[in-house]
Amino acid sequence: MKPIFILNGPNLNLIGEREPEIYGVATLAGIEQSLREQAAKEELEIVFRQTNHEGALVDWIQEARHAASALILNAGAYTHTSVAVLDALRALSLPVVEVHLSNIYKRESFRHRSFVSPAVTGVICGFGARSYKLALAAIVEILESSASATRGLHA
Ligand code: DQA
């Protein structure tokens, strides 16, 4: 099984320090560690990355086309601005979960619009660090049900 890519966009390297009343006190390294443990229990591998650069995010989403079995994406502020991220996602044929720590619909109106959502399988937001755990659990279920459907086809 190819790894699950978990990609993080701008300023997410600062969570834990940045606006903790909105994003919580968990650091990105702490989230990565707990996802590694969660994935290991399912015997899955993860690739966990963060960038402040839109082009790098686009490159990694393109890389996921052949290197990943699924994608979890927190595009940070690019969620609300990036047609390039949307287009890269449209070129993927993998399960994709968009995640946000905060409930973007409870916040400023410019955050209510996601350029990412039209190209993803589902969205999880507002649960803090738990949003990532829920996203990984959703991906595990999706991958398991598609593996059992494939087994059924070959039975
Ligand atoms: C965020 C929400 C975005 O609006 C914001 O720009 C971020 C983080 C979240 O995880 O809640 O950087 O994606």
Side-chain angles (χ1 to χ4, degrees), residues 1-15 18-19 22-24 26 28-29 31-32 34-36 38-39 42 44-150 152-153:
M1 168 83 78
K2 292 175 189 169
I4 297 163
F5 274 31
I6 304 173
L7 302 181
N8 296 281
N11 300 306
L12 288 161
N13 53 317
L14 296 181
I15 60 164
R18 163 193 178 214
E19 300 182 277
I22 295 174
Y23 297 116
L28 201 62
I31 290 175
E32 175 177 359
S34 88
L35 292 174
R36 288 201 179 284
Q38 187 180 347
E42 306 291 342
L44 290 169
E45 195 195 328
I46 64 169
V47 168
F48 190 98
R49 297 181 190 157
Q50 187 275 331
T51 180
N52 291 327
H53 304 279
E54 186 175 13
L57 203 53
V58 169
D59 285 343
W60 293 344
I61 294 168
Q62 289 190 10
E63 184 186 336
R65 296 175 72 219
H66 301 295
S69 58
L71 171 64
I72 295 171
L73 175 65
N74 185 349
Y78 292 139
T79 305
H80 316 297
T81 62
S82 181
V83 177
V85 169
L86 170 65
D87 287 347
L89 289 170
R90 284 206 195 280
L92 272 186
S93 44
L94 299 175
V96 181
V97 180
E98 173 186 352
V99 298
H100 302 284
L101 296 149
S102 63
N103 179 351
I104 55 175
Y105 301 101
K106 240 184 178 174
R107 302 182 61 195
E108 304 98 316
S109 57
F110 64 84
R111 293 185 205 274
H112 298 177
R113 175 156 181 217
S114 167
F115 279 78
V116 170
S117 297
V120 301
T121 312
V123 183
I124 297 175
C125 75
F127 296 95
R130 199 172 282 129
S131 292
Y132 285 84
K133 297 192 106 182
L134 295 168
L136 185 55
I139 289 292
V140 167
E141 287 204 12
I142 291 168
L143 294 177
E144 272 170 6
S145 65
S146 66
S148 64
T150 312
L153 280 179

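Residues: numbered from 1 along the sequence shown.
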Could you tell me whether the side chain of [Y] reaches within less than 4.5 Å of the side chain of [X], counting heavy atoms only?
X: I31; Y: N8; result: no
X: L35; Y: I72; result: no
X: R18; Y: L12; result: yes
X: D87; Y: V58; result: no
X: Q38; Y: Y132; result: no

So which heavy atom on [X] is nearest to which on [Y], and how close?
X: I4; Y: S69; value: CG1-OG, 3.9 Å
X: N52; Y: G9; value: OD1-O, 4.4 Å
X: W60; Y: Q50; value: CH2-O, 3.5 Å
X: L92; Y: I61; value: CD2-O, 3.6 Å
X: A75; Y: P10; value: O-CD, 3.5 Å

Inspect the surroundings of CZ in R130 and state if more than 12 heavy atoms from other residues, nucleotides or ligands are less than 6.0 Å away.
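No - once you tally the heavy atoms of other residues, nucleotides and ligands closer than 6.0 Å, there are 12 at most.
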
Atom pairs and distances, donor-acceptor, side-chain atoms in residues 112-125, under 3.5 Å, two or more places apart:
unit_1 : atom_1 : unit_2 : atom_2 : d
H112   : NE2    : Y105   : O      : 3.3
H112   : NE2    : R107   : O      : 2.8
H112   : NE2    : E108   : O      : 3.4
S114   : OG     : E98    : OE1    : 3.4
S114   : OG     : E98    : OE2    : 3.0
S114   : OG     : V116   : N      : 3.1
S114   : OG     : S117   : N      : 3.0
S114   : OG     : S117   : OG     : 3.1
S117   : OG     : E98    : OE1    : 2.6
T121   : OG1    : V96    : N      : 2.9
T121   : OG1    : V96    : O      : 3.2

Tell me whether T79 contacts the main-chain N or O of G76 through its side chain, where contact means a donor paired with an acceptor under 3.5 Å.
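Yes.
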
Show the numbers, then the answer: is there a side chain to side chain contact (heavy atoms under 4.5 Å, CB included) between E42 and M1?
CA-CA 12 Å; E42 306 291 342; M1 168 83 78; over 6 Å; no

Nearest 0.5 Å, what's the [atom1]-[atom2] distance between [X] and [Y]?
X: I22; Y: H100; atom1: CD1; atom2: NE2; answer: 14.0 Å
X: N74; Y: S131; atom1: CG; atom2: OG; answer: 8.5 Å
X: L94; Y: K2; atom1: CG; atom2: NZ; answer: 8.0 Å

Just distance, no hydrogens or angles: give the donor-acceptor pairs under 3.5 Å from side chains in residues 134-145, sequence neighbours left out.
unit_1 : atom_1 : unit_2 : atom_2 : d
S145   : OG     : E141   : O      : 3.2
S145   : OG     : I142   : O      : 3.2

R36: partners by side-chain contact (heavy atoms from CB on, under 4.5 Å), with sequence neighbours left out
E32, I46, F48

